[in-house]
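Within every chain, numbering begins at 1; the chains are lettered A, B, ... in the order of the sequence lines, protein sequences first and strands thereafter.
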Amino acid sequence: MKNIIQAVKGTREFYPAEMALRNWMYAKIKAVSQSFGYQEYDGPFLESIELYAAKSGEELVKEQSFVFPDRGGNLITLRPELTPSLARMVAQKQNQLVYPLRWWSFGPFWRYEKPQKGRTREFFQWNIDLIGVDCPEGDAELVAIAADFFKAVDLSSSEVKILVNDRRLMDKQLIKLGVTSVDQKKAMLGIIDRRDKLNEKDWEVYVLESGFSQAQLDGLKAVLNDKELYKTSPEMMRFFNALESMGVADYVDYDPRIVRGLDYYTGIVFEARDVGESSRAILGGGHYGNLVEDVGGTSLAGVGFAMGDVVLPLILEQFGKLPELPLNPAEVLVTVFDADCQVYSLSIATALRAANINVLVYPEAAKIGKQFKFADRVGVCYVIVAGPDERDQKILQVKDMRSGEQTSVKIGDLVDVIKKLMLP
RNA sequence: GUGGCUGUAGCUCAAUGGCAGAGUGCUUGACUGUGGAUCAAGAUGUUGCGGGUUCGACCCCCGUCAGCCACCCCA
C-alpha cells in the first residue's frame, strides 16, 4: 500500500457505493428539474480566465481557481462556477432562444480551497436557472423546486429550511439608517452576513469599528430581529403567496439576516440550511437583474440557485436519510458446480439474459459454499445451482437468499419462476 | 492563505523512550452439494513519508504529505 501515488488533494474517488449515491442524487435532481419543465444543458469544463475576470469584484475567482497555461500560453481555468458560462451561452444565442429559459445542469467544478469536511476541491453542482422573467412568482418557482427536491430526498420541513430575504427590501432599510454610499452598503451587507459567525458583543464592536454609529447599530439590530419585515414588501407578499399555492410554504422562512455574498443578486436571495445546530448551507441562490450584460448581451433578469453534492449526503446522514442503494445490478448468480458443468452454467445465464434478467456467473469452478458466500457478499438475491444431478434431470435449484428457501425448477420454467420471484 | 488537532493491520482504535497489540473483518477448517450463526486455527504492519536526538523512537525534535477543526471565503 505504500507506493501508491496519492490522488490529487481535494479530489474525490467514486467507488461503486459513492457512485450509486451520486447517480441517485442525479436522478432526483433530474426528476425535480424536469417536473417543472427545465431542460438540461452543460458548458465547457475548461474556460479562459477572462470569462471570470470579466465579472467585477471577483478577484477571488483567480485566487480560488485552478489556473494553468495551455501549450499556447493562454491561461485556462477549470470552471469554478457555471453562471458566467451560462451567461455567455445565452448571450451568444440571445435572439434565437425561446424565453423564458428554464435550464438546469449537473456537472463537475473545481475550486482551489483548503479541503475539509463538506468542502473539497473537486465537486459536482446542480445549477438551475429561470431566465427572462422578473416577477415574484418566478422567484417562487425556483424556491419551490428546491423544496420539492428536499421532499424527493425525504428531508422534511422540520429538518431543512429555505431562508429568504430581498436585497431591495434591505436596501430600503439601510437607506433609512443613513447607509447610502455603495461602499457603506457593501460593508453593511458584510456585517449582516457575519452576524451568525460572531457572538452579539463582538459583532456590535465590529459594527462600530466599521465606522457606523450607535444609532445605526440599534437600527440594524431592529431590522435583523424583525421577522415581519417582509410584510412591508408587496413583492415578498406575492412571493410567499405563490409558495403557499405550490404547497411548499412550510419549507420557507423569511430571514432578514440572509443577504448572500454575491454582488450580482439584485432581488430575492435565499439559502437552504439544515435545522441542526451545526447548520450547513445546502444550496444558495437569488434573483439577478442582468445576467448577460457583462459578457456582451442585453440585460436579462433571472433567478437561479446552485447546490453542491458534498454537503447534502452529510445532511442526509445526520437525519438518517441516506438511501440504501443496491450495489450490484445482477439479481441472479449462476454457480459453477465443477469444470464439466461450467459451459452448462454459461448457457443458463445466457438464457436468463435473453429474458432481460441481469445475471452474474461465477467465473470458475469452486466449492459451492464459497460461491454462496460470494453471492451473499455482493448482494445477489437468487442463486442457481446446476450440478450433474440437475443437468441429468433437466432441473435447477433456485435459492432465495433472503428467505433461504430453495426450490427445484424445471429448466423450461426457469425464466418464469425467476421473474415471478423478482416481482416486489 | 493563517492557526490548531490527528496519522499504528482492510476498518475502529490500544501500546511510561525498552519484544507491534485488541476488537472487527479476512483466509482455512469443523460442513464429502449451499451464504448469514457458532467454534477452532492462521495470515496480515516501511507505526503516512523524510531527516534528527538517543545505547534504543509508534512515543521526543524538525520538515513534509494527508485528513479533521477554527479562520478566510463561499460562485
Side-chain angles (χ1 to χ4, degrees), chain A residues 1-12 15 43 47 51-52 55-65 77-87 109-121 123 125-127 129 189-190 193-194 197-198 202 258-265 269 271 273 278 280-286 288 291 304-308 310-311 314 333 335-338 341 362 365-391 396-408:
Chain A
M1 289 303 248
K2 43 285 162 184
N3 291 325
I4 292 176
I5 293 168
Q6 281 183 346
V8 173
K9 181 173 178 169
T11 59
R12 298 154 73 205
Y15 287 78
E47 290 279 11
L51 180 69
Y52 306 102
K55 280 175 63 185
S56 55
E58 291 259 10
E59 284 299 306
L60 302 153
V61 166
K62 286 183 203 161
E63 286 164 32
Q64 294 195 339
S65 295
T77 305
L78 282 169
R79 63 178 187 182
E81 59 165 327
L82 191 57
T83 305
S85 304
L86 170 63
F109 295 87
W110 294 266
R111 286 179 206 166
Y112 200 91
E113 293 187 288
K114 191 158 186 169
Q116 49 188 269
K117 198 169 199 174
R119 178 193 286 182
T120 58
R121 287 184 172 180
F123 55 95
Q125 197 170 72
W126 176 26
N127 285 267
D129 292 272
L189 292 181
D193 209 25
R194 194 150 302 177
K197 291 171 184 165
L198 299 174
D202 289 348
I258 301 297
V259 290
R260 307 283 303 161
L262 254 69
D263 292 344
Y264 56 67
Y265 291 132
V269 288
E271 63 187 47
R273 302 185 149 270
S278 61
R280 293 168 181 274
I282 305 166
L283 59 82
Y288 37 82
L291 175 74
F305 69 80
M307 182 191 80
V310 181
V311 169
L314 298 175
L333 171 83
T335 57
V336 173
F337 190 83
D338 56 27
C341 294
Y362 205 80
K367 278 186 154 178
I368 212 75
K370 194 175 173 185
Q371 298 187 47
F372 269 89
K373 186 164 185 171
F374 173 79
D376 190 44
R377 293 290 306 271
V378 299
V380 161
C381 294
Y382 308 104
V383 175
I384 292 175
V385 179
D389 299 346
E390 287 82 6
R391 187 174 48 182
L396 296 160
Q397 304 295 336
V398 176
K399 181 160 180 176
D400 183 325
M401 295 296 277
R402 284 169 299 191
S403 68
E405 257 175 64
Q406 180 167 311
T407 49
S408 295

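With sequence neighbours excluded, the residues forming a salt bridge (Lys or Arg N to Asp or Glu O under 4.0 Å) with A:R79 are A:D42, listed by chain and number. Partners of A:E47 by salt bridge (Lys or Arg N to Asp or Glu O under 4.0 Å), not counting sequence neighbours, listed by chain and number: A:R88.
Distance check on atom P: B:rG7 versus B:rC39 gives 33 Å, rounded to whole Å. With P as the reference atom, B:rU12 and B:rG52 are 32 Å apart, rounded to whole Å.
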Please enumerate all protein N or O atoms sitting under 3.5 Å from an N or O of nucleotides 65-70 of chain B, with distances to 0.1 Å.
| unit_1 | atom_1 | unit_2 | atom_2 | d |
| --- | --- | --- | --- | --- |
| B:rC65 | O2' | A:Q6 | OE1 | 3.0 |
| B:rA66 | OP2 | A:K9 | NZ | 3.4 |
| B:rC69 | OP2 | A:K117 | N | 2.7 |

Output one line per pair: protein atom, nucleotide atom from nucleotides 23-26 of chain B, and distance, for all N/O pairs under 3.5 Å.
| unit_1 | atom_1 | unit_2 | atom_2 | d |
| --- | --- | --- | --- | --- |
| B:rC26 | OP1 | A:R377 | NH1 | 2.8 |

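Applying the side chain to side chain donor-acceptor pair (under 3.5 Å) test to pairs two or more places apart or on separate chains, those with a residue in residues 371-384 of chain A are A:Y382-A:R402.
When each of A:N127 and A:M401 is assigned the nucleotide of RNA chain B with its nearest heavy atom, A:M401 is the one assigned upstream, toward the 5' end.
Among the nucleotides B:rC73, B:rG33, B:rU34, the one closest to the side chain of A:R194 is B:rC73.
No donor-acceptor pair under 3.5 Å is formed between the side chain of A:R111 and the backbone N or O of A:Q64.
Stems are defined here as 3 or more consecutive Watson-Crick or G-U wobble pairs with pairing distances under 3.5 Å; those involving RNA chain B are B:1-7 with B:65-71, B:10-13 with B:21-24, B:26-30 with B:38-42, B:48-52 with B:60-64.
Residue-level contact check: A:E271 touches neither bases nor backbone, having no heavy atom under 4.0 Å from any strand. Note on A:Q125: nothing from the nucleic acid sits closer than 4.0 angstrom, heavy atoms only.
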